[in-house]
Novice: 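Take a look at the following structure, please.
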Amino acid sequence: MDLFDHLLLLSVFLVLLWLFLRRRRCPTLPLGPCPLPLLGTLHKLNLFRVHESFIQLAVQYGNVYTLWMGSKPVVVLNGFHAVREALTSEAFLGRPYVSSMYRLIGDKGILMSNGKTWKQQRKFGLVALRSLGLGKKSMEQKIRQEVDYLHEVIARVEGKPFDPSTVIQNAVSNVIVSVVFGQRMDLQEALFLTLMESIHSMMHFQGSAWGRLYDAFTGLMHLLPGPHKRAFTLADNLKRYIGTQIQEHRHSQSLDSEPTDFIDWYLSQLDKTNADPESTFNEDSMLQAVMDLFFAGSETVATTLRWALLYMVTNPGVQERVQEELDDVVGCSAPPHYEDRERLPYTSAVVHETQRYSNIVTGGAMRLSTRETSVQGHHIPKGTMVLPCLSSVLFDPEQWDTPDRFNPGHFLDQEGNFHKREAFLPFSSGPRGCLGEQMARVELFVFFSSLLQRFTFTLPPGVTEPNMDYVLGATLTPHPFQICAVPR
Ligand code: HEM
């Protein structure tokens with residue numbers, strides 16, 4: 001045997017020893033593909049289509065299996081039953097530490113916090129949003145205002161081809177702006193455009209391969225140049241701007257009148273809890289809660305609406321049916337309202353199917369087990385990262401007739417009435433499900449139905465097949481596309 005053979009033997013021995021020790025360290029985790037040193041099971045994943053890899057691996061390893069992100073185990077849950085079991089359990093209410101999210105936003109707000117901080121911030125977030133009109137007409141008025149501006153911008157294009165992404169993104173983000181800051185911003189204002197660019201870049205970095213590299217090799221990445229540096233600078237600028245808004249609100253705060261925006265609500269909460277040493281309310285957590293709302297609440301709704309328009313131009317028969325229903329039920333003089341949805345079952349079904357089929361949150365958000373527990377009979381130790389894969393529910397062949405085809409019929413019964421589906425989980429569910437679900441539902445319905453009431457969307461002349469594939473970021477977004485909006 002020469003030196004090379006000895007080295008080869010030694011390497012094989014070390015890898016086997018490593019695998020043996022790893023297995024001994026975590027003997028109780030569900031089985032999964034065999035991890036490699038340093039890489040873990042990264043080689044088993046297509047990093048550009050991760051959620052598809054999760055579903056494929058389930059065929060081999062079952063609906064509950066373990067992957068390794070470097071040296072850290074992640075238990076992946078697939079299919080409606082496993083995912084629902086986890087989401088409804090109190091044992092999975094934690095969030096793991098994710099260094100990119102910690103650097104971008106922090107863990108004192110709602111999205112990434114844990115324990116008492118999360119409980120207090122989430123409860124407060126829900127109460128504040130409800131008090132600001134969530135589920136009431138006043139929130140819908142804020143949305144309607146942005147819908148009207150969006151109509152104006154689109155009408156100015158006069159049916160010529162245009163990319164609707166930015167105008168939709170700006171309109172949706174301005175809803176959050178007015179909820180948080182108390183007034184909308186001018187869509188053309190340089191400051192507004194800079195804020196939008198910051199949110200977009202943060203989201204894009206977080207969901208990209210750079211984000212995963214930063215999470216895996218944080219110390220090293222700190223020293224290297226790359227898109228992470230730009231994302232962090234933009235996040236810091238956004239935080240600075242929110243900080244100035246907080247100061248301005250503080251100066252104009254009136255203790256006699258009812259708070260009118262999220263920051264006002266938070267300031268009055270600070271005043272109430274100042275003397276409580278157990279309180280988790282402070283200026284840092286306020287800033288981070290505001291960042292959470294921007295991060296989680298603008299791109300998600302805007303991306304879903306972009307997919308909705310793409311599905312309409314590629315399924316003109318569906319678009320026609322929605323417009324017929326709108327014409328019959330609402331007419332063309334008054335705009336559709338959220339409360340009309342019960343009389344608009346086909347339109348509702350199309351909005352739901354858009355959310356299912358576009359699957360924008362893909363794998364879903366990572367959770368952490370806060371105690372020893374089990375899912376579908378598989379033991380999960382305390383402190384384990386768990387990914388309830390939402391795609392695997394939205395495309396579960398046991399739950400949907402044609403999971404891989406856009407089919408509004410999934411949400412209609414034989415008589416054409418709207419049919420609720422348990423496996424419709426784009427917002428996740430349970431006590432740690434999406435905080436903004438109600439607001440997002442109103443936004444999606446009102447934006448979508450109003451756009452279709454006013455315009456017919458078509459592909460530009462000469463284009464027959466738009467690119468329907470997705471780009472993986474923090475959400476699954478469509479590739480840039482052009483459409484025509486013909487006034488009706
Ligand atoms: C189409 C739109 C949206 C989708 C598909 C969506 C989806 C989700 C999902 C899947 C989660 C993870 C929940 C989990 O851990 O299981 C989440 C969390 C969250 N979402 Fe949304 N969301 C949307 C819109 C919004 C809006 C408009 C807001 C804000 C007004 C918002 C605020 C949040 C917050 C704060 C969390 C963190 C909740 C927590 O950790 O307790 N989301 N969302």
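Each ligand, and each atom within it, is numbered from 1 in the order the structure gives.
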Novice: Hey, does Pro426 sit under 4.0 Å from ligand 1 if you only count heavy atoms?
Specialist: yes
Novice: Measure Leu111 to ligand 1 on non-hydrogen atoms and call it side chain, backbone, both or neither using the 4.0 Å cut-off.
Specialist: both
Novice: Decide if the gap between the ring center of Phe232 and the ring center of Phe205 is smaller than 6.0 angstrom.
Specialist: yes
Novice: Val179: heavy atom below 4.0 Å from ligand 1, yes or no?
Specialist: no
Novice: Taking the cut-offs as 6.0 angstrom to the six-membered ring centre and 45 degrees off its axis, would you call Arg341 and Phe445 a cation-pi pair?
Specialist: no
Novice: Is the ring centre of Phe411 less than 6.0 Å from the ring centre of His352?
Specialist: yes
Novice: Once you restrict to heavy atoms under 4.0 Å, what part of Arg122 touches ligand 1? Side chain, backbone, both or neither.
Specialist: side chain
Novice: Quick one: which of Gly94, Ser428, Ala86 has a heavy atom closest to atom 16 (O) of ligand 1?
Specialist: Ser428
Novice: For Trp118, does the six-membered ring have the charged nitrogen or CZ of Arg95 within the cation-pi criterion, i.e. under 6.0 angstrom from the centroid and within 45° of the normal?
Specialist: no
Novice: I want to confirm something. Looking only at heavy atoms, which of Pro431, Ala296, Ala365 is nearest to atom 33 (C) of ligand 1?
Specialist: Ala296
Novice: Rounded at 0.5 Å granularity, tell me how far OG in Ser173 sits from CZ in Arg184.
Specialist: 12.0 Å
Novice: Below 4.0 angstrom from a heavy atom of Met439, which ligand 1 atoms are there? Numbered from 1 as shown, please.
Specialist: 30 (C)
Novice: For Glu437 and ligand 1, answer yes if some heavy atom of the residue is under 4.0 Å from a ligand atom, otherwise no.
Specialist: no
Novice: Can you tell which of Ala302, Ser113, Gly297 gets a heavy atom nearest to atom 26 (C) of ligand 1?
Specialist: Gly297
Novice: Name the residue from His419, Glu353, Arg405 that meets the side-chain hydrogen bond (donor to acceptor under 3.5 Å, both in side chains) definition with His410.
Specialist: Glu353
Novice: Any nitrogen or oxygen of Trp118 lying under 3.5 Å from a nitrogen or oxygen in ligand 1? Just yes or no.
Specialist: yes
Novice: Using 0.5 Å steps for rounding, measure from the NZ atom of Lys119 to the CZ atom of Arg432.
Specialist: 11.0 Å
Novice: Is Leu435 touching ligand 1 with its side chain, its backbone, both, or neither, if touching means heavy atoms under 4.0 Å apart?
Specialist: both
Novice: Are any of the heavy atoms in Gln355 under 4.0 Å away from ligand 1?
Specialist: yes
Novice: Are the side chain of Asn78 and the backbone of Ser392 linked by a donor-acceptor contact shorter than 3.5 Å?
Specialist: no
Novice: For Arg432, take its heavy atoms, then give the atoms of ligand 1 lying under 4.0 Å from any of them.
Specialist: 13 (C), 14 (C), 15 (O), 16 (O), 39 (C), 40 (O), 41 (O)
Novice: Please check whether Arg367 reaches ligand 1 - meaning an N/O of the residue sits under 3.5 Å from an N/O of the ligand, judged on distance alone.
Specialist: yes
Novice: Would one find an N or O of Thr300, backbone or side chain, under 3.5 Å from an N or O of ligand 1?
Specialist: no
Novice: Examine ligand 1 and decide if any of its atoms is less than 4.0 Å from a heavy atom belonging to Met112.
Specialist: no
Novice: Mind checking the CZ-CZ spacing from Arg306 to Phe481? Nearest 0.5 Å is all I need.
Specialist: 6.5 Å
Novice: Centres of the Phe262 and Phe181 rings: under 6.0 Å?
Specialist: no
Novice: If you take the nearest heavy atom of each of Pro388, Ser298, Cys434, which one is closest to atom 22 (N) of ligand 1?
Specialist: Cys434
Novice: Let me see the working for Arg103 and Asp236 under salt bridge (charged side-chain N to carboxylate O under 4.0 Å, His left out), right down to the final yes or no.
Specialist: CA-CA 9 Å; Arg103 177 62 184 83; Asp236 291 344; 3.1 Å; yes
